[in-house]
Q: 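Before we start, here is the structure in question, set down as structure tokens.
Numbering starts at 1 and runs along the sequence shown. Because the structure is a prediction, the values reported are computed rather than measured.
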Amino acid sequence: MRRTLIIAKDTLKKQVKSGSYWFMVIFPVVIGIIISVAVPFFTAKFDEKANEKLVIDYEDPNNFFVKRQTKYMTAEDAKKALKDEEIKTYAHIEQKDGIIEATVYGDIDGEYKSIIENAQKNLNYHNAKLDQNQKSIINNKPNIILKETKSGYNMLSYIIVIFLFLILNTYLQLTLVDISQDKGSKRLEFLFSSVKPEEHFVGKILGVLMAIVINVLVYLIFIVLGYLFIPKKFDLSGLKQAINLDMRYVIITLILVVFAVVFYTILGAILGSYTKKIEDAQKYAMPAVLLLMVGYFTSLFPMFSETLASKIMSYIPLWSAFKMPDRLIQADAGITEGLIAIAILVISVISMFVIGGKIYKKKILYY
């Protein structure tokens with residue numbers, strides 16, 4: 001056990017000294033900070049600019065338009081403000097024979113259309129001389145239950161897929177290259193005089209697991225700091241509303257990601273045992289990278305998300321960490337499906353570890 005821990009410690013040192021490792025650790029943190037700070041900042045700026053809209057109302061005796069305070073008192077002032085980009089839009093409103101005519105300058109968006117359409121509706125009520133009961137009947141609306149995915153969910157799904165590919169590919173490559181370096185230097189021949197191949201295999205995997213723990217701790221520290229300080233500077237209520245997930249789904253996703261990292265780390269160790277020198281690392285890594293790319297690209301494009309193949313892939317250990325979180329986010333799967341995917345992945349990791357140890361023992365000294 002002591003020799004296994006020595007190998008694990010040595011592997012951990014190699015991992016933390018690698019630039020690729022720290023790029024993988026820091027890059028998601030930087031992106032998370034940018035998203036957490038930039039999105040509320042620019043949203044606030046946009047809202048501030050969007051509020052500088054103006055309806056110039058010359059004929060509105062029945063108050064069909066909501067009065068809005070503005071510093072622009074004439075059409076000329078508003079035109080100048082539009083030209084100077086102080087406002088986004090203004091409109092000149094007239095009423096002719098029961099029809100509202102709105103001459104809009106600048107950009108017209110959904111809010112403006114809604115204001116004008118509501119004013120026309122109220123004018124129609126007035127001209128038709130409808131009482132309140134008649135108005136309420138006319139205003140009855142269908143009860144629509146929306147099950148469409150929020151845009152924030154799509155963004156979250158893309159972020160998970162991109163970061164997952166980065167993490168899995170990095171740990172796969174680091175493990176494979178580490179073992180390839182050991183084989184190329186011939187140091188394993190001397191090492192195995194005092195250490196069994198099984199112990200070396202376990203030590204390598206344990207060292208990578210230690211690196212994963214450091215990785216997770218760094219993320220947790222930044223998450224806690226972000227939770228404590230960012231809301232004090234920026235309003236994140238809109239972002240929280242756009243991405244409002246069941247915590248059970250979050251836990252399932254984290255478990256899938258952790259075991260997927262272990263799975264591909266073991267795969268990297270197995271592939272590394274087949275190499276003869278460091279130059280062989282990329283050649284032997286290619287099959288595993290191609291498998292990663294299958295999960296990556298089929299998860300990025302929505303056209304694959306609802307296919308039967310995608311649902312099957314969400315239970316296959318090679319891709320379950322890519323596909324199942326996406327299905328959970330899109331409400332295409334529930335807790336039961338997520339737990340089944342975890343169970344299959346855990347069993348696969350244990351099987352991979354046992355089988356990988358035997359392969360590693362046979363191939364590690366094969367040149």
Q: Where is the tightest heavy-atom contact between Leu267 and Ala288, given as atom of each residue plus distance?
A: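 Taking Leu267 first and Ala288 second, the nearest heavy atoms are CD2-CB, 3.8 Å.
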Q: So, do Val257 and Phe163 sit near enough that their side-chain heavy atoms are less than 4.5 Å apart?
A: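 No; the side chains remain at least 4.5 Å from each other.
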Q: Within the 4.5 Å heavy-atom criterion, are Glu198 and Tyr360 side-chain neighbours or not?
A: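 Contact flag for Glu198/Tyr360 side chains = no.
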Q: To the nearest 0.5 Å, what is the distance between NZ on Lys204 and OG1 on Thr4?
A: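 Spacing of NZ (Lys204) from OG1 (Thr4) equals 12.5 Å.
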Q: Treat each ILVMFWY residue as a node, draw an edge where side-chain heavy atoms are under 4.5 Å apart, and state whether Phe297 and Leu164 are in one component.
A: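 Yes; tracing contacts between hydrophobic side chains, which count when under 4.5 Å, links both residues.
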Q: May I ask you to list the residues sharing a hydrophobic cluster with Ile278, side-chain cutoff 4.5 Å, ordered by chain and number?
A: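 Besides Ile278, the hydrophobic cluster comprises Val177, listed by chain and residue number.
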Q: Determine the minimum heavy-atom distance between Ile7 and His200, stating which atoms define it.
A: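 Minimum heavy-atom contact is CD1-CA, 3.6 Å.
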Q: For the residue pair Gly334 and Tyr249, what are the closest heavy atoms and their distance?
A: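 Between these two residues, the closest heavy atoms are CA-OH, 4.0 Å.
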Q: What's the separation between atom CG in Leu209 and atom CG in Asn215, rounded to the nearest 0.5 Å?
A: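 One gets 12.0 Å once the value is rounded to the nearest 0.5 Å.
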Q: Check whether any side-chain heavy atom of Ile252 sits under 4.5 Å from a side-chain heavy atom of Leu256, and report yes or no.
A: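 Touching, per the 4.5 Å side-chain cut-off.
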Q: Do you know which two heavy atoms are closest between Phe201 and Ala269, and how far apart they sit?
A: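 Shortest heavy-atom contact: CE1-CB, 3.8 Å.
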Q: Rounded to the nearest 0.5 Å, how far apart are CE of Met324 and NZ of Lys311?
A: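 Between Met324 CE and Lys311 NZ, I get 10.5 Å after rounding to 0.5 Å.
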Q: Roughly how far apart are Gln181 CD and Leu176 CG, rounded to 0.5 Å?
A: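 That separation rounds to 10.5 Å.
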Q: Is it the case that the side chains of Tyr296 and Asn169 hold a donor-acceptor pair, with the cut-off being a distance below 3.5 Å and no angle test?
A: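 Distance-only check fails for Asn169 and Tyr296.
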Q: Would you check if Leu217 and Ile214 make a side-chain contact, meaning some heavy-atom pair closer than 4.5 Å?
A: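 Leu217 vs Ile214: side chains apart.
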Q: Could you report the tightest heavy-atom contact between Ser314 and Arg327, atom names first, then the distance?
A: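 The answer is OG-NH1, 3.0 Å.
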Q: Testing Thr175, Val289, Leu168 for side-chain contact (heavy atoms from CB on, under 4.5 Å) with Tyr264, which one passes?
A: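 The passing option is Leu168.
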Q: Please examine the side chains of Leu206 and Leu5, heavy atoms only from C-beta on, and report whether any two atoms are closer than 4.5 Å.
A: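 Contact flag for Leu5/Leu206 side chains = yes.
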Q: Does OH in Tyr284 sit with more than 12 non-hydrogen atoms of other residues, nucleotides or ligands closer than 6.0 Å?
A: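 For Tyr284, atom OH is crowded (more than 12 foreign heavy atoms under 6.0 Å).
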Q: If every non-hydrogen atom of Tyr171 is compared with every non-hydrogen atom of Ala211, which pair is closest and at what distance?
A: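 Closest approach of Tyr171 to Ala211, heavy atoms only: OH-O, 3.5 Å.
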Q: Quick check against the 3.5 Å criterion: does Lys323 have a side-chain atom that pairs as donor or acceptor with the backbone of Thr298?
A: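 Confirmed, Lys323 side chain pairs with Thr298 backbone.
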Q: Side-chain heavy atoms nearer than 4.5 Å, only ILVMFWY residues, links allowed to pass through others: does that put Val258 and Ile340 together?
A: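 Shared cluster, no.
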Q: Under 3.5 Å, is there a donor-acceptor pair between the side chain of Trp319 and the main chain of Leu291?
A: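 Yes: the side chain of Trp319 pairs with the backbone of Leu291.
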Q: Can you tell me how far apart OG1 (Thr265) and CZ (Phe259) are? Round to the nearest 0.5 Å.
A: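 Interatomic distance, Thr265 OG1 to Phe259 CZ, rounded to 0.5 Å: 12.5 Å.
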Q: Taking salt bridge (charged side-chain N to carboxylate O under 4.0 Å, His left out) as the cut-off, I'd like each qualifying pair that reaches into residues 335-359, sequence neighbours left out, listed once.
A: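 As it turns out, there is no salt bridge (charged side-chain N to carboxylate O under 4.0 Å, His left out) pair with a partner in residues 335-359 once direct neighbours are skipped.
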Q: Distance check, rounded to the nearest 0.5 Å: Ile162 atom CD1 versus Leu300 atom CG?
A: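 Going from the CD1 atom of Ile162 to the CG atom of Leu300 covers 6.0 Å.
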Q: Quick one: side chains of residues 343-357, donor-acceptor pairs under 3.5 Å with protein atoms, not counting sequence neighbours, listed by atom name and distance.
A:
from, atom 1, to, atom 2, distance (Å)
Ser348, OG, Ile344, O, 2.7
Ser351, OG, Ile347, O, 2.9

Q: With side chains defined as the heavy atoms from C-beta onward, is the minimum distance between Val261 and Ile167 less than 4.5 Å?
A: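 In contact.
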